[in-house]
Enquirer: 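After the structure tokens below, expect a handful of questions from me.
The shown structure was predicted, so the numbers you read here are calculated from the model rather than taken from an experiment. Here is the naming used below: chain letters follow the sequence lines, and residue numbers restart at 1 for every chain.
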Amino acid sequence: MEVNAVVKIALVGNPNTGKTSLFNQLTGLKQKVGNYPGITVDKKVGKCKISEALIAEIIDLPGTYSINPTTLDESIVLDTLLNKSNESYPDLVIVVAEVENLKRNLLLFSQIKDLELPTLLVINMADQMARKGISFDLEKLKEELNSEIILVSARKNSGIDELKNEIRNFKKWNTKPMASISSKIDEEYFKVVKNTFPEFSLYKSWLLITQQNNCNFLSPEFQQKLSVLNADKEKIKKYQHKETIFRYQIINDILHKTYVINRNEATEFRFKLDKILTHKIFGYLIFASVLLLIFQSIFEWASIPMDLIDGFFANFSEYAKANLPEGIFTNLIAEGIIPGIGGIVIFIPQIAILFLFISVLEETGYMSRVVFLMDKIMRKFGMSGKSVIPLISGTACAIPAIMASRNIGSWKERLITILVIPFTTCSARLPVYAILIALIIPNKRILGIFNLQGLTLMGLYLLGFTAAILSAILLHNVLKIENKSLFVIEMPNYKLPSLKNVFYEVVEKTKAFIVGAGKIILALSIVLWFLASNGGESFKTANDTVKQDIGNQNLTKVELQKKTASFKLEHSYIGVMGKMIEPVIKPLGYDWKIGIALISSFAAREVFVGALATIYSVESEGEDVGTIKERMGAEVNSITGQKRFNLPTGMSLLMFYAFAMQCIGTLAIVKRETKSWKWPILQLVGMGILAYISALITFNFFS
Amino acid sequence: MTIGNLKVGECGIIEEFSLDIIPLSLLEMGCLPGKEVKLLQIAPLNDPYYIKVNGSHLAIRKEMADQITITKLG
């Protein structure tokens, strides 16, 4: 073997087998997450040194129970293993199984083995065999499966060296198929299949036949050939069932000869815990407490690092402005790019904490119990028990939340979940709510304990959830999509979470968010900066116009500058846009300056505060350089003479921000996940109309 | 008699089932004709069903449980 040869390894396995633990052990920090071209499924690839001369490039494929996909994630496994032009097409496959569910794990193994690729079986959690009352004859099992088997304990890092040693020999592995499906199902039919595709293993041809819709890498001529073979859908379905039953027969026979399990040993604990966690009272109480803990940490604990980040970027921006040579590039950096990056980084603490909880809850096996507990309730709203996790995630950010909806098997339930997630109060709405509430709601206590401002904030959260639930019910009744119930979930055994796995998961998900959402927010911040610092004729001649206007008034240099800046903003592109929409938003109680903030908010909602800060800081004259809140509070409506941010306008704005779909990042993700512009446009228009109407009603109600 | 008729703690043997009703994925997770199934728990609102079949612990919705015919044991 030549020096530094690279071998591509695909890591495949059922969920909850410790596949990811093994991946983390093998690759450590030498892993990165990319995207599969065209789809947003995370692709985890890592490097591992097998020997001095051999480097492995390991791809951690999404967990799956079978090679026949039922979700988007699972179809990745199929594509990677069948499509030779996929850049991750492996030289060898490692199937990860665990001792306790070996039988079901072997189904996937038998399918992969039949692709006639070099395949190795790794049995994980070998250290727990005795505790679980399991024993098996390893040599005999190797013989029966015609494969090499390595026992590991990924969490304890044992067996990893043996695994690496075995990988070196992969060219010598037996690649004979395990189940000869043809003889047991329909010999005639499979003879035709074999003759049509003599270049493929029989099982690969069969998979292409059954999964044609999931294989978009095939040429039209090839598709044509397949269409002939899978014309009779009923027959294909029947053969797939027969195949699965046949596979389990073989596996049962093999395990009967090699594997002994004494089930009574460790099921007691699981049984007791299940009884409590899915109890009709305690189950919900425990779940409510977990939710409370998550929200508490997202809002209380995350605010400390968030304030630090906020301060850091504000200082950084000022520092850049002060120290870089004056000019358009400095302005771009100090007013466009740095605040843009700051706007993304500020969300890291909340997102990381949220993923920390979700990852721990998933690792322990508790999430499946939540799904079990909530499924019936969620189904009344047209969603699934699996929608709970995305809806919780939505309180941090809708983007990862929408991505977390992928494992919902039914398309209708998944679509409704995706469509209503943006109603949940994401963290970008918080700064907007915070400043508006501080301006319009008195800081009073009612009934002695409840803070009125806090109650308003809580009300807005409830409003978001209510809007999500009500619109889900509406969509459930309106959308005419056949709802095939594909709801089968595994209830895994309880485990202590592995810190290493949790850490990697948090880092990886947070990174994916920054890269995915960050690009859009950053790009838009730059566009907004451009629109605010450029304009038409009257913008360019601003300096002269202002000088003429003030005539003989004695203004200091600073005052003159501010007046000019204010004039410039009004006549910049974005100022013109604000004025343009003023007639539309006037009935809601807003002027063109709030209009600018509304337009700016389409990059991300929290830009509202920043945009108003910019507007009022360039506008405020004289010595008045208070905080943004004071400046907003001092703003006067020139027509009525009242405060601009009075109760009607403030409440109207709160309603508008609670309902409007002001997030380009979310729209882009919805487009990618639903593969259609129809759904994001529906969200934008539907939520926009709702926002407008409720803001209009609110304004008139309080006026 | 179907899984949907079982009481918590009861067992049955899955009979042959119609291919149109049972999705392949359920079969692949171990829910096969001839296998013993035990109802471990029912979620608070009487749905879904938490079963153990062929060594796998699964939760399925009642509508599916109602379609899988069984012979009751014991």
Enquirer: How long is the gap from CG on A:D232 to NZ on A:K237, to the nearest 0.5 Å?
Expert: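 A:D232 CG to A:K237 NZ: 11.5 Å, rounded to 0.5 Å.
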Enquirer: Side chain, backbone, both or neither: which part of A:N14 has a non-hydrogen atom closer than 4.5 Å to chain B?
Expert: neither
Enquirer: When the ring centroid of A:Y366 is compared with that of A:Y494, is the distance short of 6.0 Å?
Expert: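 Centroid separation for A:Y366 and A:Y494: 6.0 Å or greater.
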Enquirer: Taking the six-membered ring of A:F282 (Phe, Tyr or Trp), confirm whether the NZ or CZ of A:K275 is under 6.0 Å from its centre and within 45° of its axis.
Expert: no
Enquirer: What do the steps show when you test A:D274 against B:Q41 for side-chain hydrogen bond (donor to acceptor under 3.5 Å, both in side chains), and what is the final call?
Expert: CA-CA 9 Å; A:D274 273 340; B:Q41 220 158 320; over 6 Å; no
Enquirer: Pick one of side chain, backbone, both or neither for A:T70, based on which atoms fall under 4.5 Å of a heavy atom in chain B.
Expert: side chain
Enquirer: Is A:R247 in contact with chain B via its backbone, its side chain, both, or neither, using a 4.5 Å heavy-atom distance?
Expert: neither
Enquirer: Using heavy-atom distances under 4.5 Å, tell me whether B:I42 contacts chain A through its side chain, its backbone, both, or neither.
Expert: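 Looking at B:I42, just its backbone touches chain A.
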Enquirer: Side chain, backbone, both or neither: which part of B:Y50 has an atom under 4.5 Å from a heavy atom of chain A?
Expert: both
Enquirer: With respect to chain B, which residue among A:K280, A:E490, A:R104 yields the maximal number of heavy-atom pairs within a distance under 4.5 Å?
Expert: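 Of the options given, most contacts go to A:R104.
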Enquirer: Quick one: do B:D47 and B:R61 make a salt bridge, cutoff under 4.0 Å?
Expert: no
Enquirer: Is A:I489 close to chain B through its backbone or its side chain, or both, or neither, when contacts mean heavy atoms under 4.5 Å?
Expert: both
Enquirer: Let me know if A:S384 has heavy atoms under 4.5 Å from chain B in its side chain, its backbone, both or neither.
Expert: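 Looking at A:S384, backbone and side chain both touch chain B.
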Enquirer: Of all of B:K62, B:K35, B:E28, which one pairs up most often with chain A through heavy atoms under 4.5 Å apart?
Expert: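 Answer, by heavy-atom pair count under 4.5 Å with chain A: B:E28.
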Enquirer: So what's closer than 4.5 Å to chain A heavy atoms on B:L58: side chain, backbone, both or neither?
Expert: both
Enquirer: Start with the C-alpha gap between A:S387 and A:E413, add the side-chain angles, then the distance that decides, and say whether side-chain hydrogen bond (donor to acceptor under 3.5 Å, both in side chains) holds.
Expert: CA-CA 8 Å; A:S387 309; A:E413 290 170 352; over 6 Å; no
Enquirer: Any side-chain heavy atom of A:L107 within less than 4.5 Å of one from A:Y248?
Expert: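 Sidechains of A:Y248 and A:L107: in contact.
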